[in-house]
There are 2 protein chains.
Amino acid sequence: MIMSIETDIKQKKFRSPYQRLALNLVYTTNWLEYKQLEIFKDYDITSQQYNVLRILRGQKSVPIKVSEITERMLDKNSNTSRLVDKLLAKNLAERKSCPNDRRAVDVVITKEGLELLEKLDPFVEEWENRFNIISPEDAERISALLDKLRESDNQ
Amino acid sequence: MIMSIETDIKQKKFRSPYQRLALNLVYTTNWLEYKQLEIFKDYDITSQQYNVLRILRGQKSVPIKVSEITERMLDKNSNTSRLVDKLLAKNLAERKSCPNDRRAVDVVITKEGLELLEKLDPFVEEWENRFNIISPEDAERISALLDKLRESDNQ
DNA sequence: ATACATTTAATGTATAAACATCTATTTATT
DNA sequence: AATAAATAGATGTTTATACATTAAATGTAT
């Protein structure tokens, strides 16, 4: 039995399909992030820290600057410097001084960081499998529409 | 020129259309919420506080209990008690004792609260107009898919 | 009626987010 | 070369969030 956004936030009707979609996007994404949080909290990291770790793993041990991490973050407003601090304290990442620019700081993932991600992988995959009820074509179409939605910013 | 999620988070490729959609949902919703924040900060309220005010206005001066507000919130984890505190401090809402259940607290929006919402209405409408680039049918279809996505929780 | 459990909202506390400011280094200008 | 501007990242501070606990009122079972 499908619980529509109407029943979930107990709002009987919406002004338009657009208002319905707007609220549904915020509500569903909150819900998705909460589900992620439930996975991560057993391993004592936050979604933001996980996001940084994923970016570091994607680098395959090629160092990446703090500013470049920020550019790749899903939440551009997050304080990457402090996030890296947290990862450092847990031995999940390492700071290296950047020889060609002494302002910059290079970051790499540690063995412990990689191991943590490997432990998390099956849970995150399971989380992602929720999306399988959507056809791949629909998934691509929605992605394209979301891209288009953000387009209104760059002109 | 459309900036795809690939360029926005500088990730060249995704494991599947589902991973792409998952990241796009989080990224786009963050972006949408940030745009909202920019509206609200000029009027010194947060998205959460705005959400409560909208719920209160929807009641049309019929008192609503704190627990009922929580049920209608987009973010169910928010501390409604403290949010109402903030609205109270700014004279945007009022607390009333609930005669038939002395544990409960009834909340109503004030004249000042209604006036603030009226001032915000055109900006929020403008924010919502971003969605007009999507056809109403597509908007409804995406909403239905998001509903379906959350379905996996209740069985 | 009493004891126990549940509900409702408030509060305490630790952590994180938002935003501005600061320091060191690099780049650009004159 | 000397000065000004820009950039990278760290830090300070205020506010919000997450989560647990508390206090009072109500519901339920014996």
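Owing to the predicted nature of the structure, the values given are computational and were not obtained by experimental measurement. In the text below, chain A, chain B and the rest are named by the order of the sequence lines, each starting its count at 1.
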Apply salt bridge (Lys or Arg N to Asp or Glu O under 4.0 Å) to K111(B) and list each qualifying residue two or more places apart in sequence or on a separate chain. E115(B)

SB check D121(B) R57(B) (cutoff 4.0 Å): yes

Of the candidate nucleotides dA9(C), dA18(C), dC19(D), which contains the atom at the shortest distance from the side chain of R82(B)? dC19(D)

OP1 or OP2 of dA10(D) versus the side-chain N and O atoms of S81(A): is any pair under 4.0 Å? yes

Its contact letters, B for base, S for sugar-phosphate only and - for none at protein heavy atoms under 4.0 Å, make nucleotides 20-28 of chain C read -----BS--

Stepwise salt bridge (Lys or Arg N to Asp or Glu O under 4.0 Å) test for E38(A) and K35(A): CA-CA 5 Å; E38(A) 283 185 322; K35(A) 288 289 157 194; 3.7 Å; yes

Tell me, please, which residues at least two apart from Q49(B) pass side-chain contact (heavy atoms from CB on, under 4.5 Å). I45(B), T46(B), L83(B), K86(B), L87(B), K90(B)

Quick note, V105(A) side chain, CB onward, closest among dC19(C), dG9(D), dT8(C) is dG9(D)

I45(B) CD1 to dA18(C) P: how many Å, rounded? 16 Å

D44(B) atom CG is separated from dA16(D) atom C1', nearest whole Å, by 14 Å

Grab the CG-P distance between L83(A) and dT15(C) for me, whole Å please. 15 Å

Using a heavy-atom cut-off of under 4.0 Å over every strand shown, decide if T80(A) touches base, sugar-phosphate, or nothing. nothing

Considering Watson-Crick and G-U wobble pairs with both distances under 3.5 Å, what does dT30(D) pair with? dA1(C)

Rounded distance (Å) that lies between atom P of dA8(D) and atom CD1 of I64(A): 13 Å

Over all atoms of both residues, closest heavy-atom pair of Q36(B) and S47(B): OE1-OG, 3.8 Å

Check the phosphate of dT15(C) against K86(A), side-chain N and O only, distance under 4.0 Å to OP1 or OP2. Yes or no? no

Please tell me if R95(B) has a side-chain N or O lying less than 4.0 Å from either OP1 or OP2 of dT8(C). no

Length of the CZ-P vector between F40(A) and dA16(C), whole Å: 14 Å

Tell me: NZ of K41(A) to C1' of dA16(C), nearest whole Å? 16 Å

Looking only at side-chain N and O atoms, does K65(A) come under 4.0 Å of OP1 or OP2 in dT7(D)? no

Donor + acceptor pair across side chains of Q59(A), R72(A) (<3.5 Å): yes

Ionic contact status for R150(A) with D147(A), cut-off 4.0 Å: yes

Between Q48(B) and dT17(D), does any side-chain N or O lie under 4.0 Å from OP1 or OP2? yes

Expressed as a whole number of angstroms, how long is the span from E33(A):CD to dA16(C):C1'? 14 Å

Please state how far atom CD in E68(B) lies from atom P in dA9(C), giving the value in whole angstrom units. 8 Å

